[in-house]
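Quick notes on the structure that follows.
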Amino acid sequence: MPERESSLMCDKKQLLFIAHAPSENVQKMVAAVIKGASHVDITNVDIRYIPPLETQPEDILSAHAVILGTTENLGYMSGLMKDVFDRCYYQCLEKTQGIPFTYFIRAGHDGTGTRRAIDSITTGLRWRLVQEPLICRGDFQPQFIEQCEDLGLSMAASLDTGII
Ligand SMILES: Cc1cc2nc3c(=O)[nH]c(=O)nc-3n(C[C@H](O)[C@H](O)[C@H](O)COP(=O)(O)O)c2cc1C
């Protein structure tokens, strides 16, 4: 049985979280997304965090929804996040159309180039953006952590209840 079909028959829904976290601040944001998605009231969703370098096409094929997280570097998503798409794009194309997703960007001062790039690639994949992306721009703010927790909670709750 194909990987995606067999996974979709599992009891719990799989929420895949791929994020590049090169700094302590972004690591805290990643932890917050995981915390939000692991809320005690969400019983039917498993959040699975995988760093970009370890992400394989099979991980995406077996997910019910995806959260991406990246820094903006040199006006674009991080190289490691781009590498995920470089390695996985064609194996996912055709098989992950319509998969619900959202993302966060941590940008020192901008974020627009990264947003454009993610939107462009995921449009090509025909992924379904189900939640407004979170752009955490400028000097690091404690509220970024709360926003990341909300992002994880909201995606997991939506998946849990079948809204997405
Ligand atoms: C090589 C390099 C290039 C960067 N380029 C950009 C950029 O083009 N736009 C931007 O908004 N921030 C840029 N930044 C800032 C990073 O996005 C930021 O340092 C990162 O998100 C970590 O955030 P933190 O300082 O809260 O840990 C760059 C950082 C580095 C190290």
Side-chain angles (χ1 to χ4, degrees), residues 14-40 42 45-93 96 99-159 164:
Q14 307 296 313
L15 175 54
L16 176 65
F17 178 30
I18 308 166
H20 176 55
S23 74
E24 205 173 308
N25 285 339
V26 185
Q27 284 158 23
K28 285 180 190 162
M29 292 168 66
V30 165
V33 170
I34 296 169
K35 184 180 174 195
S38 309
H39 192 282
V40 66
I42 298 169
V45 173
D46 272 336
I47 172 93
R48 183 169 174 230
Y49 167 67
I50 313 184
L53 261 183
E54 293 171 29
T55 302
Q56 299 300 326
E58 294 73 24
D59 299 313
I60 302 172
L61 290 167
S62 61
H64 294 82
V66 177
I67 302 175
L68 305 172
T70 182
T71 51
E72 171 153 299
N73 294 338
L74 308 175
Y76 202 80
M77 72 182 84
S78 70
L80 288 176
M81 183 57 67
K82 174 64 161 43
D83 173 68
V84 172
F85 289 118
D86 290 351
R87 288 183 297 101
C88 302
Y89 188 91
Y90 282 108
Q91 289 185 58
C92 290
L93 191 67
T96 56
I99 192 167
F101 84 106
T102 192
Y103 58 89
F104 79 72
I105 297 169
R106 168 71 187 120
H109 54 88
D110 191 0
T112 53
T114 300
R115 182 168 192 172
R116 197 179 312 117
I118 293 177
D119 288 348
S120 169
I121 293 171
T122 53
T123 296
L125 286 166
R126 295 181 191 272
W127 287 10
R128 188 163 45 100
L129 185 68
V130 292
Q131 192 171 316
E132 182 65 16
L134 174 62
I135 318 294
C136 297
R137 184 184 293 116
D139 290 341
F140 190 81
Q141 311 283 336
Q143 74 186 36
F144 294 162
I145 302 294
E146 290 164 34
Q147 291 170 331
C148 282
E149 192 170 334
D150 287 347
L151 183 89
L153 173 61
S154 165
M155 278 297 281
S158 301
L159 196 55
I164 60 173

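Both ligands and their constituent atoms are indexed starting at 1 by order of listing. Residue numbers count from 1 along this sequence. Owing to the predicted nature of the structure, the values given are computational and were not obtained by experimental measurement.
Residue-to-ligand polar distances place G108 within reach of ligand 1: an N/O pair is separated by less than 3.5 Å. Residue N25 has at least one nitrogen or oxygen atom sitting less than 3.5 Å from a nitrogen or oxygen atom of ligand 1, judged on distance alone. Ligand 1 has no nitrogen or oxygen under 3.5 angstrom from a nitrogen or oxygen of N73. The shortest N or O to N or O distance between V26 and ligand 1 is not below 3.5 Å. Residue Y76 places no N or O, backbone or side chain, under 3.5 Å from any N or O of ligand 1. Between G75 and ligand 1, at least one pair of N/O atoms sits closer than 3.5 Å.
Below 4.0 Å from some heavy atom of T71 lie the following atoms of ligand 1, by number and element: 20 (C), 21 (O). Close contacts of ligand 1 with D110, meaning ligand atoms under 4.0 Å from a residue heavy atom, involve 10 (C), 11 (O).
When R106, H109, E72 are ranked by how near their heavy atoms come to atom 13 (C) of ligand 1, first place goes to E72.
For atom 16 (C) of ligand 1, a protein heavy-atom neighbour is present inside the 4.0 Å cut-off. In this structure, atom 19 (O) of ligand 1 has its sub-4.0 angstrom surroundings free of protein heavy atoms.
In terms of modelled atom types and a separation under 3.5 Å, the side chain of T70 and the main chain of S78 share a donor-acceptor contact. With hydrogens and angles ignored, the 3.5 Å screen pairs no side-chain donor or acceptor of E54 with any backbone N or O of P52. Judged purely by atom type and a 3.5 angstrom limit, Q14 has no side-chain atom pairing as donor or acceptor with the backbone of H64. Proximity of a side-chain donor or acceptor of R106 to a complementary backbone N or O of M29 within less than 3.5 Å is not detected.
Nearest protein heavy-atom contact of atom 22 (C) of ligand 1 is S23 OG, 3.8 Å. Given atom 3 (C) of ligand 1, the protein heavy atom at minimum distance is L74 N, 3.5 Å.
Dense packing is recorded around CD of Q143, with more than 12 heavy atoms of other residues, nucleotides or ligands lying under 6.0 Å away.
Taking a cutoff of 4.0 Å between a charged side-chain nitrogen and a carboxylate oxygen, E146 and K35 do not qualify as a salt bridge.
Residues H20 and V26 approach most closely at O-CG1, 3.6 Å, considering heavy atoms.
S23 and N25 form no side-chain donor-acceptor contact under 3.5 Å, judged by distance and modelled atom types alone. A donor and an acceptor atom, one from each side chain of Q131 and S154, are located under 3.5 Å apart.
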